[in-house]
Each structure stands twice: as C-alpha cells, then as structure tokens.
Amino acid sequence: MKITLPDNSSRELPEGSSGYDLAKDIGPGLAKSAVAVTIDGVQKDLHDEIMTDSSVSIITIDSDEGLEIMRHTLTAQVLARAIKNLYPKSKLAIGPTIEDGFYYDVESEEVISSDDLNKIEEEMKKIIKSKSSITKKLVSKSEAMKVFKSNKEPYKEIIINESDQDDNFQLYYQEDEKFVDLCRGPHLPNLGFIGSFKLTKVSGAYWKGDSNNSMLTRIYGTAFNSDKDLQQHLDNLEEALKRDHRKLGKEMDLFHFQDEAPGMVFWHPYGWNIYKTLQSFIRNKLDKNGYLEINTPQVVDRKLWEASGHWDKYRENMFITEIDEEHANEKRVNALKPMNCPCHVQVYNQGIRSYKDLPIRYAEFGSCHRYEASGTMHGLMRVRGFTQDDGHIFCTQDQIESETALFISLLSEIYSDLGFKEFDIKLSTRPEVRIGSDEVWDKAESALENAIKKLDYPYKVDEGDGAFYGPKLDFVLTDAIGREWQCGTFQADFNLPDRLDAEYVGEDGNKHHPVMIHRAILGSFERFIGILIENYAGKLPFWLAPQQVVIASIVSEVNDYAIEVQELLKDQDVRAEIDLRNEKISYKVRDHSSKKVPIILAIGKKEKIDQTVSVRRIGSNDTEVLDLKEAIKQIKKENSIQH
RNA sequence: GCUCAUAUAGCUCAGCGGUAGAGCACUUGCUUGGUAAGUAAGAGGUCACCGGUUCAAGUCCGGUUAUGAGCUCCA
C-alpha cells in the first residue's frame with residue numbers, strides 16, 4: 001500500500017504496517033521519538049494497523065500534539081490509576097487535557113484535599129517507573145458495559161450508554177492489566193515518554209458541567225516534556241500572581257473590601273484618583289463623539305422593571321428594596337438598577353422625537369448593582385456594585401451601520417490610548433429563540449458585519465450567540481501576559497423600545513420604534529481598573545498614575561527646595577508629593593518604588609545649589625540629573641501625551 | 001449557589017488544648033545619610049462571629065459570615 005507523507009513524498013509498506021513501522025522505515029531517530037500518528041487527518045495510536053493507501057504523519061513527543069497526548073496519557077492512565085490505588089472506592093468520571101495541563105474528575109466518599117496531592121504524585125511516579133507499555137482492545141458496546149459494570153464505574157457506563165456507536169470501544173491497558181480506562185485515544189505507546197509534571201490544585205466540578213448534577217472532585221495538574229519547561233510554566237504562574245490587582249491594590253493603597261459590603265469597593269484616595277482620571281478621559285472622548293451625558297436614578301419602582309421585562313427575567317440578580325413600614329406612608333417596592341437602559345428610554349421618551357433628531361446618543365456613568373452569586377466575586381473583576389461607561393444610541397435601522405463604524409473607531413482609539421493596541425471582535429448572530437422578523441435581523445446583522453468589513457478589522461462570527469433581542473458585537477482585548485478580557489460590547493435591541501414605547505415620527509408622518517443600541521467600551525470602571533493594574537503590573541502609565549512624582553530629600557536642609565519643586569510641578573497639574581522624612585534616600589527610593597511611583601526626584605545639597613533634580617524612573621536603576629526647568633518641561637509633556 | 005480550603009497585630013505569616021509570637025509598618029530617641037530596608041526602645045490583638053466539648057479552647061466539634069481556588073452563572 002502507498003503511504004503519503006506530509007511533504008507529499010510516498011513510501012510503499014506492506015498492508016497492516018503501523019505508524020511505528022513507517023517511522024522505523026524513515027529513520028531510527030524518528031522511531032524513537034514517535035508517540036502516535038495522524039492517519040488521513042485522524043489521530044491514531046502508534047501501533048494501529050494501517051490497511052489501505054493513506055496519508056500519514058508521525059506525531060513525535062516534542063511536538064504540540066505529542067505533548068498533548070503525553071498529558072492525556074498522564075491523566076487517563078497514570079493519575080486515574082493512582083487515584084484508584086489510593087482511593088479504591090472512588091469512581092472515575094472524565095480526564096481531559098486542558099491548556100498547559102490536564103485534570104481528572106472523580107467521585108470520592110473520602111475528601112481529597114490539596115494536602116493529598118503530594119501523596120498522589122508519589123503514587124503516580126511509582127506507576128510511571130514501570131515504563132509499562134500501553135495496549136488497547138477494541139470491544140463491542142455490550143462488552144464495554146460488562147467491563148465497567150464489574151469494575152463498578154458508573155460514570156463510564158453512562159458514557160458508553162450515551163454513545164451512538166455500537167462497536168470499537170477502546171479499552172486501554174498497562175502491562176499488568178490491573179487498570180483499564182475507556183478512552184478515545186490515542187495514548188503514548190508506553191509510560192517512558194511521560195515528562196515532568198505537577199499536580200496543582202483540587203476543586204469541585206459538576207458532572208457534565210451541569211449545576212443540577214452531583215459535584216465531583218477535580219484534580220488539576222500540569223505537565224511538560226522537560227523540567228525546564230515545567231519550571232518555566234510555574235514561574236509564569238508566579239508572575240501572574242505578582243500582578244494580582246488585589247495584592248497590588250493593597251500594596252499601592254488603592255481600595256479595600258470588607259464583610260459588611262461584599263462585592264462593593266471602598267475606594268481609597270489613590271485608587272479613586274485612577275478612577276477619576278479614567279473617567280474624565282472617557283468623558284472627554286464621549287463629548288467629542290456626539291454623546292450627551294445624562295444621569296438617572298439608582299432606585300426605581302418595580303413597575304418600570306416589570307415593563308422592561310427585568311422583573312421577570314433578571315429579578316434573582318436584583319437588589320430589591322422596601323421602605324420601613326413604620327415610617328412609610330405608602331408601601332412600594334423598588335429595585336436598585338442593575339442596568340441603565342430602561343432609564344435611558346425614559347429620558348428619550350420625554351417629548352416627541354423626529355427622525356431628524358436621530359441618532360440620539362446618551363451616555364451615563366451608570367452606577368449599577370447586581371446580586372452576583374457569592375462564589376463568583378473576584379476583587380475588582382467581578383463585583384456587585386459597579387459603574388459602567390454605558391451608553392444607548394437611539395437610531396433608525398438605516399443608521400445602524402454608520403453607528404457601528406463610529407463606535408468601533410472610538411473604541412479602538414480608547415483602547416490604544418490605554419495601552420491595548422490589539423483587540424478581537426466577535427459577531428454574535430440570531431439565536432433560535434428571538435423576537436423580531438427575519439428581515440429585521442438580516443438587516444441588522446449585515447449592518448454590523450459591513451461596518452467591520454469596511455474598517456477592515458478581522459472578526460469571528462459566533463452563530464446563534466446573539467441576545468434574543470438583537471445581534472451584538474463583543475470586543476476582547478489581550479493583556480501584557482496574553483490573557484483575554486471581554487470589555488467592549490455593542491448590542492442592537494429591537495425589543496426594549498417597543499416594550500417601553502419609545503417612538504419617533506418618521507418622514508412618512510407615522511410613528512416608528514427606533515432601534516436602541518446598548519454599548520460600552522470599558523465595561524465597568526471597577527473591572528477595567530483591575531485589568532489595567534494587572535496589565536501594567538501596577539506600573540501605570542504616567543498620566544494614569546495616582547502619585548506621579550515624589551520629591552525625596554536626601555538631607556533635611558534641602559527640604560525647602562523640595563517643597564519649591566513640588567509647587568512648580570503642582571502648577572503644571574502634576575500629582576507631586578514630597579517625602580521629607582528623616583530616612584535615608586535608599587529607604588525612600590525603596591518605599592516609593594514598591595508603590596510604583598513613576599518618577600522619584602531625589603534632591604540633595606548639590607541639586608539645591610545647582611537648581612537641578614536627580615530623576616529616577618520606575619523600572620530603571622539609572623538616574624539622570626536634569627536642570628529643574630528642563631525636568632519640569634519633560635514631566636509636563638509626559639503628562640499630556642494621552643490628552 | 002456548589003466543592004474544598006482559609007480567617008491570629010495596619011501588612012505578611014508562625015503558634016494547633018495550659019496566661020498571645022515574629023518580620024515589616026507605626027511612635028519616640030540616636031543618626032543628615034547620594035538612589036530598593038541605618039539603629040535602639042516603645043506601643044499595638046474579645047485570635048472573624050455564634051454555639052458546643054473540656055477543669056481549661058486561636059488551638060477540637062457544629063453553625064454563620066467573609067475570602068481564596070475551581071465549578072455553575074455573567075439575557
């Protein structure tokens with residue numbers, strides 16, 4: 001039979017040859033590092049027989065595919081077996097690979113906690129030491145069921161039962177045949193290929209990811225082909241930990257949380273300073289882009305939420321308020337707004353709108369409250385009280401495309417100014433359950449799509465992921481360490497204007513419902529500031545930094561000069577502070593460096609006499625002595641780059 | 001909301017049945033020092049909250065609240 005290789009060359013091999021035979025035929029080095037094969041695009045075990053002409057490529061251990069197969073074997077054959085050895089009563093569920101690692105879900109009567117990971121790792125090492133080969137048997141559905149019934153593995157039975165295939169269930173065994181796992185394969189040919197690994201954490205996870213199902217114990221691990229790669233990965237995790245905005249927020253004295261108000265931020269002066277700077281930056285951009293800023297109530301009668309549909313669909317996430325009966329002369333139920341949109345429609349509805357008024361772009365730094373489930377909160381990233389850079393555009397269907405284009409260019413300008421040069425766009429189209437005619441959806445979807453195309457941005461389409469009320473665009477930015485954050489959103493809405501009776505008088509003299517577009521660029525200030533802190537590891541760009549310059553005196557006799565420098569900087573709207581403490585300069589440098597102050601100006605006798613300053617920038621160990629006037633000029637310039 | 005873990009001084013953490021500890025930060029004294037921690041002394045705690053076991057509970061047990069890692073959720 002004829003085997004075609006990836007470089008389009010071909011070889012003749014006898015029928016029934018395996019990938020291993022092929023590798024051997026090509027060269028001994030390849031045979032040594034081969035772990036699996038791809039036959040006509042499908043991954044197979046290295047020793048699977050090939051019966052017909054096909055195109056085959058060998059997967060080696062050092063390839064990405066090989067690494068993934070190694071992780072897969074590690075979890076399904078080694079971790080699973082180790083768990084069964086240590087916890088014989090446990091039931092195996094599933095054990096897939098994930099980015100950088102793998103996990104295995106098991107049901108266990110005994111509690112397995114992170115303290116037990118060492119013990120499990122040791123057991124895994126014992127298993128690996130055997131360097132056992134891995135073989136498989138192909139069995140029918142009924143045989144597979146029999147095997148796992150006798151092994152008392154109910155989750156495997158469920159998996160087999162729910163499968164639509166009747167034959168070719170793959171059972172993988174190690175040499176001693178004391179352990180068997182059901183698996184789609186492929187696996188390593190033997191355990192000698194297992195590299196360096198570490199179990200990282202243990203947590204709960206629902207069977208099949210459904211919160212109605214029972215909670216299983218999930219054991220996570222990470223694995224690489226070499227110790228070096230593993231260490232690199234662990235170092236990266238540590239680096240991410242160093243950037244944690246909750247840790248930096250404490251160190252930089254930006255904000256805190258406390259028990260009495262879970263999920264609500266107590267902003268400290270420096271943190272609030274970042275917030276204010278960011279807000280005025282956004283406000284300025286919105287003003288220039290035709291938005292009209294408004295402000296609407298926080299506490300609104302349930303009647304409006306009933307009319308908008310939130311009372312029905314969103315109530316479990318709403319903070320509902322009641323007025324103390326003793327003091328109230330009327331009983332009414334209010335809710336803290338979880339969204340601004342219904343209130344924006346109320347503003348729109350005051351007065352009669354003409355098609356000539358459209359588009360109307362309302363913006364609000366809308367303070368919202370949502371009752372998030374307790375386990376979901378996470379620092380500034382997921383809170384219960386937050387402020388959106390929210391906006392609603394009321395326009396005609398024909399204006400959707402031009403509004404989309406305007407929005408995207410505003411968004412990309414803002415992201416770029418904030419240091420995020422690239423972002424991805426995701427277009428979500430009509431879901432199965434939706435309102436509005438197909439004709440309207442056609443029009444709206446193509447309006448969004450055309451706008452992106454004309455701006456020549458790449459985008460992905462997520463079929464069926466739109467809201468029931470209209471298609472949407474999501475904007476995902478990538479931070480300095482490669483993590484993705486969905487921030488911006490642009491959602492057409494055919495529903496709410498109708499429900500809340502928003503209308504305009506058209507050219508034809510008749511009343512029509514406008515399209516309403518919900519849009520945000522940052523998402524929420526709280527979350528975005530969290531993202532900024534982590535992206536910059538606390539070292540915010542000069543214009544965003546809460547303390548921009550600290551003037552540190554080296555000896556007390558120059559304190560008056562330090563104050564003079566501070567005043568000059570303050571005159572230029574620079575946030576400058578002085579440090580006149582009776583401490584050594586190295587102490588002061590350490591202190592302010594750890595607080596991520598962008599510029600430290602050290603001042604001693606020499607500087608006072610020469611009317612200079614010694615400039616030290618965060619992230620640099622060098623200092624530069626500059627003429628005072630020149631330094632102020634430079635700092636002023638730096639502060640104005642983004643505005 | 002679910003699983004597991006955690007909660008001790010302003011911060012980071014040790015203590016794990018027998019009268020509460022360290023480092024840093026803070027206050028005071030000495031020190032005026034040239035770019036990431038000078039030095040000595042002092043002050044600082046209902047050991048998250050409620051209950052139980054015990055002669056005796058930060059310490060063991062139960063509950064509550066919050067936090068962390070995941071899961072689920074985030075029209």
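Keep in mind that this is a model prediction, so the values were computed, not measured. Chain A is the first sequence line, chain B the second, and so forth, proteins listed ahead of strands; every chain is numbered from 1. Any value given below was found using the heavy atoms of this structure, including those in side chains, with hydrogens, waters and symmetry copies removed.
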K.L.:
With sequence neighbours left out, which residue pairs that include part of residues 334-346 of chain A fulfil the salt bridge (Lys or Arg N to Asp or Glu O under 4.0 Å) condition?
P.N.:
A/Lys337-A/Glu364
K.L.:
At under 4.0 Å between heavy atoms, what does A/Gly209 touch on the DNA or RNA strands: base, sugar-phosphate, or nothing?
P.N.:
sugar-phosphate
K.L.:
Taking only the side-chain heavy atoms of A/His310 (C-beta and beyond), determine which of B/rA69, B/rA66, B/rA75 contains the nearest atom.
P.N.:
B/rA75
K.L.:
Across the strands shown, which category fits A/Met339 at heavy-atom distances under 4.0 angstrom: base, sugar-phosphate, nothing?
P.N.:
base
K.L.:
Hey, does A/Gly379 reach any base, or is it just sugar-phosphate, or nothing, if we go heavy atoms under 4.0 Å?
P.N.:
sugar-phosphate
K.L.:
Can you give me the N/O atom pairs linking the protein to nucleotides 23-26 of chain B at distances under 3.5 Å, or say none if there are none?
P.N.:
from   : atom 1 : to       : atom 2 : distance (Å)
B/rA25 : OP1    : A/Tyr587 : OH     : 3.0

K.L.:
Could you grab the distance from atom CG of A/Leu74 to atom CZ of A/Phe102, nearest 0.5 Å is fine?
P.N.:
4.0 Å
K.L.:
Please tabulate the protein-to-nucleotide N/O contacts below 3.5 Å involving nucleotides 2-6 of chain B, giving atom names and distances.
P.N.:
from  : atom 1 : to       : atom 2 : distance (Å)
B/rC2 : O4'    : A/Tyr206 : OH     : 3.3
B/rU3 : O2     : A/Gly204 : N      : 3.3

K.L.:
With distance as the sole criterion, do the side chain of A/Glu372 and the base of B/rG1 form a donor-acceptor contact below 3.5 Å?
P.N.:
no
K.L.:
If you look only at pairs with a residue in residues 258-275 of chain A, which of them pass as a salt bridge (Lys or Arg N to Asp or Glu O under 4.0 Å), with sequence neighbours excluded?
P.N.:
none
K.L.:
Work out how far the P atom of B/rU27 is from that of B/rG70, and round it to whole angstrom.
P.N.:
39 Å
K.L.:
With A/His310, which residues qualify under ring-ring contact (aromatic ring centres under 6.0 Å, His included), at least two apart?
P.N.:
A/Trp305
K.L.:
Would the base of B/rC74 count as contacting A/Arg527 through its side chain, where contact means a donor and an acceptor less than 3.5 Å apart?
P.N.:
no
K.L.:
Please enumerate all residues that pass salt bridge (charged side-chain N to carboxylate O under 4.0 Å, His left out) together with A/Lys201, with sequence neighbours excluded.
P.N.:
none
K.L.:
Could you identify which residues of residues 242-252 of chain A place a heavy atom less than 4.0 Å from some atom of RNA chain B, listed by residue number, or say none?
P.N.:
A/Arg246, A/Lys250
K.L.:
May I ask which nucleotide in the shown strands pairs with B/rG42, Watson-Crick or G-U wobble, both distances under 3.5 Å?
P.N.:
B/rC26
K.L.:
Tell me if the side-chain of A/Ser556 makes a donor-acceptor pair with the base of B/rU32, cut-off 3.5 Å, by modelled atom types.
P.N.:
yes
K.L.:
Strictly by salt bridge (Lys or Arg N to Asp or Glu O under 4.0 Å), give each pair with a member in residues 367-384 of chain A just once, sequence neighbours left out.
P.N.:
A/Glu372-A/Arg382
K.L.:
Indicate syn or anti for B/rU8, taking the glycosidic torsion and treating anything within 90° of 0 as syn.
P.N.:
anti
K.L.:
Give every residue pair that meets the salt bridge (Lys or Arg N to Asp or Glu O under 4.0 Å) criterion with at least one member in residues 460-472 of chain A, sequence neighbours excluded.
P.N.:
A/Lys426-A/Asp462, A/Lys426-A/Asp465, A/Lys472-A/Asp474
K.L.:
Would you say the side chain of A/Arg616 and the base of B/rA36 hold a donor-acceptor pair, judged only by whether the two atoms sit under 3.5 Å apart?
P.N.:
yes
K.L.:
Holding to ring-ring contact (aromatic ring centres under 6.0 Å, His included), I want the full list of residues that pass it with A/Phe365, two or more places apart in sequence or in another chain.
P.N.:
A/Phe525
K.L.:
For A/His256, which residues count as a ring-ring contact (aromatic ring centres under 6.0 Å, His included) partner, sequence neighbours excluded?
P.N.:
A/Phe266, A/His268
K.L.:
Going by the glycosidic torsion and a 90 degree boundary from 0, is the base of B/rG58 oriented syn or anti?
P.N.:
syn
K.L.:
Classify the angle between the aromatic ring planes of A/Trp267 and A/Tyr275 as parallel (below 30°), tilted (30 to 60°) or perpendicular (above 60°).
P.N.:
perpendicular
K.L.:
Among all residues two or more places apart in sequence or in another chain, which pass the salt bridge (charged side-chain N to carboxylate O under 4.0 Å, His left out) test with A/Glu153?
P.N.:
A/Lys84
K.L.:
If we ignore hydrogens and angles and just use 3.5 Å, is the side chain of A/Glu162 paired with the main-chain N or O of A/Ile159 as donor and acceptor?
P.N.:
no
